[in-house]
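First the structure, in the form of structure tokens, and then the observations on it.
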Amino acid sequence: MMNQNKLPYDKNSRASIVKYAKGLLGKTLRQVLGGNIKQQYSGKGKLGQLVEKLYFQYEPNSDSLPDFPEASLELKTSPLKQIRKGLRSKERLVLNIIDYLQEYKKTFEQSSFWKKNACLLLMFYIHEDGVLDIDLMFRIIRQWDFPPEDLKIIKDDWQKIIDKIKNGKAHELSEGDTLYLAACTKGKNKTSVRSQFGTEILAKQRAFSLKSKYLNFIILDSLGKAETTQEMTPVVKNISDYARQETYEEHVIKKFSPYYGKSVDEIAQIFKIGTVSKGKIYILAAAILGVKGRKIAEFEKADVEMKTIRLEKSGALKESMSFAQIKYKEILDEKWETSYWHSVLTKRFFFVVFQKDGQDVLRLKKVMFWGMPAQDLEITKKFWNDTKRKIEEGDFEHFIKISDNKICHVRPKGRDSSDLMPTASGRMEGKRCYWLNALYIKKIVLQE
DNA sequence: GCATGATCATGC
DNA sequence: GCATGATCATGC
């Protein structure tokens, strides 16, 4: 360890550490430390180590304690990407690895997650391909304490993860299980497995993480983009809104239940919102949740995918659920874990289920949150690999069909059959998209 | 009745 | 103009 007297900050003081950290704001490590430092590390996750070692002058550790233990402050660097509308999070923020054999024994307050990450020193930098870590510019540097409303949801999330571990189901964890705090895979997927409680089945190594969309909220707040965050209204303005022991999801479902059995028009009348076109059911949902405008803040931050489901009188589900187009060129460069289809299927879903009555009027039947179980995700991985391989080979005739019963399928979707998209070989092919099979959705909706 | 192909409505 | 969410149409 360095002689603490020489440190340019007071390691016992959060304020001092944060203030010193801000010396990097708008700058790169090279600019601040001089041009003669060598790139000592390269690759993923190394910028954080460089900041710790070169700027804060302590040796990086993999302690269960925060990086600045005396000040209970955990340092995290995280990349930003430029999109048309401004800066956004490039990826999830990965926190500490979950010890499946220990974490479940603890309360939230004693948990490894909370001990290490209760207070974060966030350092967002602008990601650039092919640029050395020491040449990346820091754009946002701030202390982050979770607001009480967010912390409530994070506690619910943590509990949900713990419940699975307690039940010997760590191998079934998925990012789609939770809202803000997720159990994301960490390490090389095939080889990084760990033993878990209560069963011999090995589970993928996972770490607590904050979802990328949640970080966006921090980023917009930090950049003073109030106009963007104000478009979003939270369902829960204050944690005192919760009934005792109620989770966020239970709270949301409770708000919908008085409208079960009512038609779309009836609900629209109650909230005086005029005619609601099909495909705009989220307007109804926002109204029911008391959200002015169109964006439900918690759903945005958790990246919840809201979908309408229509059941026939009989309870049958007529239609499969469509998603985005398959980009024939882009998919060739994708890996499963970072692919579009994987990112959709690991989201948390919010299903708004309607059913036709005797007069063919759609009535709200129920709402539910859902995340795809890990076993199913494995099946969709096979589906995706098969689809990618066929696109690679230029075989557009034999995609997996709904009758193959592989949870999802490929089907045309375009303006009409002459709506084409170029393939890597330069040939034009009809546009197609990913679908979730109707039968699969039906099972989910009817199981609860 | 279901699988599959095809297309509509809307908003950015 | 186009992607997306959603639904229609047809034939087996």
Side-chain angles (χ1 to χ4, degrees), chain A residues 83-86 88 213 227-228 231-232 263-265 268 273-286 293-296 299-300 303-331 334 339-341 343-345 347-356 360-365 367 370 383 386-387 390 395-423 428-446:
Chain A
I83 63 163
R84 266 200 310 278
K85 292 178 183 171
R88 296 292 185 277
K213 288 285 166 67
E227 69 277 8
T228 314
E231 286 171 11
M232 306 191 251
S263 72
V264 175
D265 288 341
I273 44 179
T275 333
V276 177
S277 66
K278 54 184 180 181
K280 290 291 165 288
I281 295 302
Y282 66 82
I283 292 173
L284 277 191
R294 37 198 302 167
K295 290 194 171 167
I296 302 162
F299 282 33
E300 296 292 321
D303 201 14
V304 168
E305 178 97 8
M306 193 187 299
K307 288 282 193 183
T308 317
I309 295 172
R310 277 180 34 172
L311 301 176
E312 300 295 308
K313 258 176 290 186
S314 63
L317 207 151
K318 206 168 134 203
E319 302 294 347
S320 295
M321 191 178 274
S322 70
F323 291 84
Q325 283 174 2
I326 303 176
K327 306 283 194 316
Y328 300 140
K329 288 184 184 170
E330 287 173 22
I331 192 175
E334 284 180 351
S339 67
Y340 162 79
W341 194 224
S343 75
V344 171
L345 297 180
K347 283 186 186 190
R348 192 126 186 93
F349 285 78
F350 184 67
F351 293 141
V352 184
V353 186
F354 292 90
Q355 185 165 17
K356 280 187 185 167
D360 277 357
V361 176
L362 280 177
R363 294 185 178 277
L364 183 62
K365 182 175 171 63
V367 296
W370 177 78
F383 156 84
D386 178 86
T387 303
K390 282 170 183 160
D395 177 7
F396 286 76
E397 303 298 320
H398 301 97
F399 288 122
I400 286 176
K401 297 183 285 193
I402 194 171
S403 49
D404 293 325
N405 250 315
K406 290 276 161 52
I407 295 178
C408 31
H409 66 279
V410 176
R411 225 193 315 165
K413 183 171 91 165
R415 204 172 50 256
D416 53 38
S417 54
S418 63
D419 196 9
L420 306 174
M421 182 188 286
T423 69
M428 300 301 279
E429 275 292 337
K431 290 177 181 171
R432 293 171 178 83
C433 81
Y434 300 98
W435 298 75
L436 276 184
N437 299 354
L439 206 60
Y440 180 72
I441 306 278
K442 185 187 167 188
K443 272 188 203 148
I444 294 162
V445 171
L446 297 183

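Source: prediction; values computed, not measured. Because only heavy atoms are used, hydrogens play no part in the values below, and waters and symmetry mates are left out as well, while side chains stay in. Letters A, B, ... are given to chains in the order of the sequence lines, protein chains preceding strands, and every chain is numbered from 1.
Counting to the nearest Å, the P atom of C:dA3 and the NZ atom of A:Lys327 are 7 Å from each other. Per the geometry, CZ belonging to A:Arg432 stands 15 Å off P belonging to C:dA3, to the nearest Å. One interatomic measurement links the two molecules: CD1 of A:Ile441 to P of C:dT7, which rounds to 13 Å at whole-angstrom precision. Between the CZ atom of A:Phe399 and the P atom of B:dG5 there is a distance of 11 Å, rounded to whole Å. The interatomic distance linking A:Ile326 (CD1) with C:dC2 (P) rounds to 19 Å, in whole Å. The separation between A:Glu397 atom CD and B:dT4 atom C1' is 13 Å, rounded to whole Å. Between the NZ atom of A:Lys295 and the P atom of B:dG11 there is a distance of 14 Å, rounded to whole Å. Nucleotide C:dG5 holds its C1' atom 14 Å from the CZ atom of A:Phe354, rounded to whole Å.
The CZ atom of A:Phe399 sits 8.0 Å away from the NZ atom of A:Lys390 when rounded to the nearest 0.5 Å.
Side chain of A:Thr308, nearest nucleotide from C:dT4, B:dA3, C:dA6: C:dA6. Between C:dA3, B:dG5, C:dC8, one nucleotide has an atom nearer to the side chain of A:Glu319 than all others, and that is C:dC8. Of all nucleotides listed (C:dG5, B:dA3, B:dT7), B:dT7 comes nearest to the side chain of A:Asp416. Minimum atom distance to the side chain of A:Gln325 is reached by C:dT4, of the listed C:dG5, B:dG5, C:dT4.
Between A:Ser403 and the phosphate of B:dC2, there is no side-chain N or O to OP1/OP2 separation shorter than 4.0 Å. A:Lys413 has no side-chain polar atom (N or O) that falls below the 4.0 Å cut-off from OP1 or OP2 of B:dT7. For B:dA3, the OP1/OP2 oxygens have no side-chain nitrogen or oxygen of A:Arg411 closer than 4.0 Å. Applying the 4.0 Å criterion to OP1 and OP2 of B:dA3, one finds that A:Lys401 has every side-chain N and O outside that range. A:Lys318 has a side-chain polar atom (N or O) that falls below the 4.0 Å cut-off from OP1 or OP2 of C:dC8.
A:Lys413 places no side-chain N or O within donor-acceptor distance of the main-chain N or O of A:Tyr434, the cut-off being under 3.5 Å. Judged by distance alone, with hydrogens and angles left aside, the side-chain atoms of A:Gln325 form no donor-acceptor pair with the main-chain N or O of A:Cys433 at under 3.5 Å. Put simply, the side chain of A:Asp419 never gets that close to the backbone of A:Asp416: no donor and acceptor are under 3.5 Å apart.
Map A:Asp419 and A:Lys307 each onto its nearest nucleotide of DNA chain C; the residue landing nearer the 5' end is A:Asp419. For A:Lys85 and A:Arg415, each mapped to the nucleotide of DNA chain B holding its nearest heavy atom, the one lying further toward the 5' end belongs to A:Arg415.
With ring centers used as reference points, A:Phe396 lies under 6.0 Å from A:Tyr328.
Here A:Gly414 lies in heavy-atom contact (under 4.0 Å) with a base. At the heavy-atom level, A:Glu312 lies nowhere under 4.0 Å from the strands shown. Using a 4.0 Å heavy-atom distance criterion, A:Ser418 is classed as making no nucleic acid contact.
When each of A:Ile402, A:Asn405, A:Leu317, A:Ile407 is tested with A:Tyr440 by the rule side chain to side chain contact (heavy atoms under 4.5 Å, CB included), just one qualifies, namely A:Ile407.
Checked by distance alone, A:Ser417 brings no side-chain donor or acceptor within 3.5 Å of a matching partner on the base of B:dA6.
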